[in-house]
Amino acid sequence: MALSHLGLLRPALCRSMVRLVGTPAMGTAGFTSPFLSHQTPSPSAACARLYATKKAKAKAKGQPTKVNLNSALVEDIINLDEVKEDMAAVLRALNDDFTRNLSIRTSPGALDHIVVSTKDGKFPLNQLGQISMKSQLIMVNMTSSPEATAAVTRALRESTMKLNPEVDGTIIRVPIPKVTREHRENLAKLAKQFGNKAKDSLRKVRSNAVAQVKRSKDGQSEDTIRLLEKQLQQMADGLALDIDKQLLAKTKELLG
């Protein structure tokens, strides 16, 4: 009840305050002070400033403090620049997965990343065969490596692109999958899997960094260690938001 009464009295208090501030200051000789005789604030302006200040303070109170330690000051504990680079590499790997595995329409370049296991080791497909496109088919010419034809066919069939290769001597024909709604939805599910994989990698980077900080806590102040851990968490949170944004954009693109 006291708070409600205070709310009713607030306009009157504001008007009283403005009258007090706006009253000309009189000197001993009865002259008006030149510093207070002009720019008298209106009651609405004074109240607006009062309320705005309270609102700004309340908003700031609810926001977490951003930690940004100087890398040079904590270099004997951890290299923050390396941690930032490791986290950024996670995002780059996600974009790479999206580009290579989640194309709506299959193109010759989409097969370049497929890794083929042979008796001589593992090789990218484009190192074993010449890839081209003809009508609605992707052609893989295995003339230069005929012994790897079976391995390439198996790699194509087992890829995440739902391919159904057909072999004709040293030529492998790969029909381009039709862009159906089901195909789009399957790609969107795959995109989510890539996003979860990226978040797992990000958590691993943060956990390793925190473990390194904890190992160096001897001889360091508790405040420094605590702030470092908080900054590492904020860095990871920021990258996690970027991953969510990339996933959302890719999902919209895939589903159309």
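Exactly one residue among Gln193, Lys197, Lys250 makes a side chain to side chain contact (heavy atoms under 4.5 Å, CB included) with Asp97. That residue is Lys197.
Counting Ile, Leu, Val, Met, Phe, Trp and Tyr side chains that sit under 4.5 Å apart, directly or through other members, Ile171 shares a hydrophobic cluster with Leu137, Met139.
The two residues Ala148 and Leu128 make their nearest non-hydrogen contact at CB-CD1, 4.3 Å. Taking every heavy atom of both residues into account, Val140 and Gly129 meet most closely at CG1-CA, 4.3 Å. Contact between Ile243 and Ala198 at its shortest, heavy atoms only, is CD1-CB, 3.8 Å. When all heavy atoms of Thr224 and Ser221 are compared, the pair lying nearest together is OG1-OG, 2.6 Å.
With contacts defined as side-chain heavy-atom distances shorter than 4.5 Å, the pair Leu228/Leu80 qualifies. You'll find the side chain of Thr153 stays beyond 4.5 Å of the side chain of Glu166, heavy atoms only. Counting heavy atoms from C-beta on, the side chains of Ile176 and Val174 never come closer than 4.5 Å. For the pair Lys66 and Gln231, the minimum side-chain heavy-atom distance is 4.5 Å or more. Within the 4.5 Å cutoff, the side chain of Leu202 has heavy atoms near those of the Met87 side chain. Between Val83 and Met235, the closest side-chain pair of non-hydrogen atoms falls below 4.5 Å. At least one side-chain heavy atom of Asp76 sits under 4.5 Å from a side-chain heavy atom of Gln220. Using a 4.5 Å cut-off on side-chain heavy atoms (C-beta onward), Ile225 and Lys214 make no contact.
Rounded to the nearest 0.5 angstrom, Asn186 CG and Leu102 CG are separated by 11.0 Å. With rounding to the nearest 0.5 angstrom, the CD atom of Glu147 is 5.0 Å from the OG atom of Ser145. Atoms CD and CG, on Gln130 and Asn141 in that order, are 5.5 Å from each other to the nearest 0.5 Å. Distance CG/Leu187 to NZ/Lys192: 15.5 Å, rounded to 0.5 Å. Taking CG of Leu91 as the start and NZ of Lys245 as the end, the distance is 11.0 Å to the nearest 0.5 Å. Here the straight-line distance linking atom CG of Leu247 with atom NZ of Lys199 works out to 7.5 Å at 0.5 Å rounding.
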- Message: I'd like to know whether Val90 forms a side-chain contact (heavy atoms from CB on, under 4.5 Å) with Leu239, so could you lay out the CA-CA distance, the side-chain angles of the two residues, the decisive distance to 0.1 Å, and finally the verdict.
- Response: CA-CA 9 Å; Val90 171; Leu239 261 294; 6.0 Å; no

- Message: Applying side-chain contact (heavy atoms from CB on, under 4.5 Å) to Asp237 and Gln233, what does each step give before you reach the verdict?
- Response: CA-CA 6 Å; Asp237 289 345; Gln233 183 62 57; 2.8 Å; yes

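Arg184 places a side-chain N or O within 3.5 Å of a backbone atom of Leu254 that can act as its donor or acceptor partner.
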Which side-chain N or O atoms in residues 116-126 pair as donor and acceptor under 3.5 Å with protein atoms at least two apart or in another chain?
{"from": "Thr118", "atom 1": "OG1", "to": "Asp120", "atom 2": "N", "distance (Å)": "3.3"}
{"from": "Thr118", "atom 1": "OG1", "to": "Gly121", "atom 2": "N", "distance (Å)": "3.4"}
{"from": "Thr118", "atom 1": "OG1", "to": "Gly121", "atom 2": "O", "distance (Å)": "2.9"}

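In the hydrophobic clustering of ILVMFWY residues, with side-chain heavy atoms under 4.5 Å counting as a link, Leu156 and Met133 come out together.
Using a cut-off of 4.0 Å between Lys/Arg side-chain N and Asp/Glu carboxylate O, Arg181 and Glu185 are scored as salt-bridged. Under the 4.0 Å criterion applied to side-chain N and carboxylate O atoms, Glu229 and Arg206 are not assigned as salt-bridge partners.
With sequence neighbours left out, the salt bridge (charged side-chain N to carboxylate O under 4.0 Å, His left out) criterion links Arg154 to no other residue.
Of the N and O atoms on the side chains of Asn208 and Gln212, not one donor lies less than 3.5 Å from an acceptor on the other residue.
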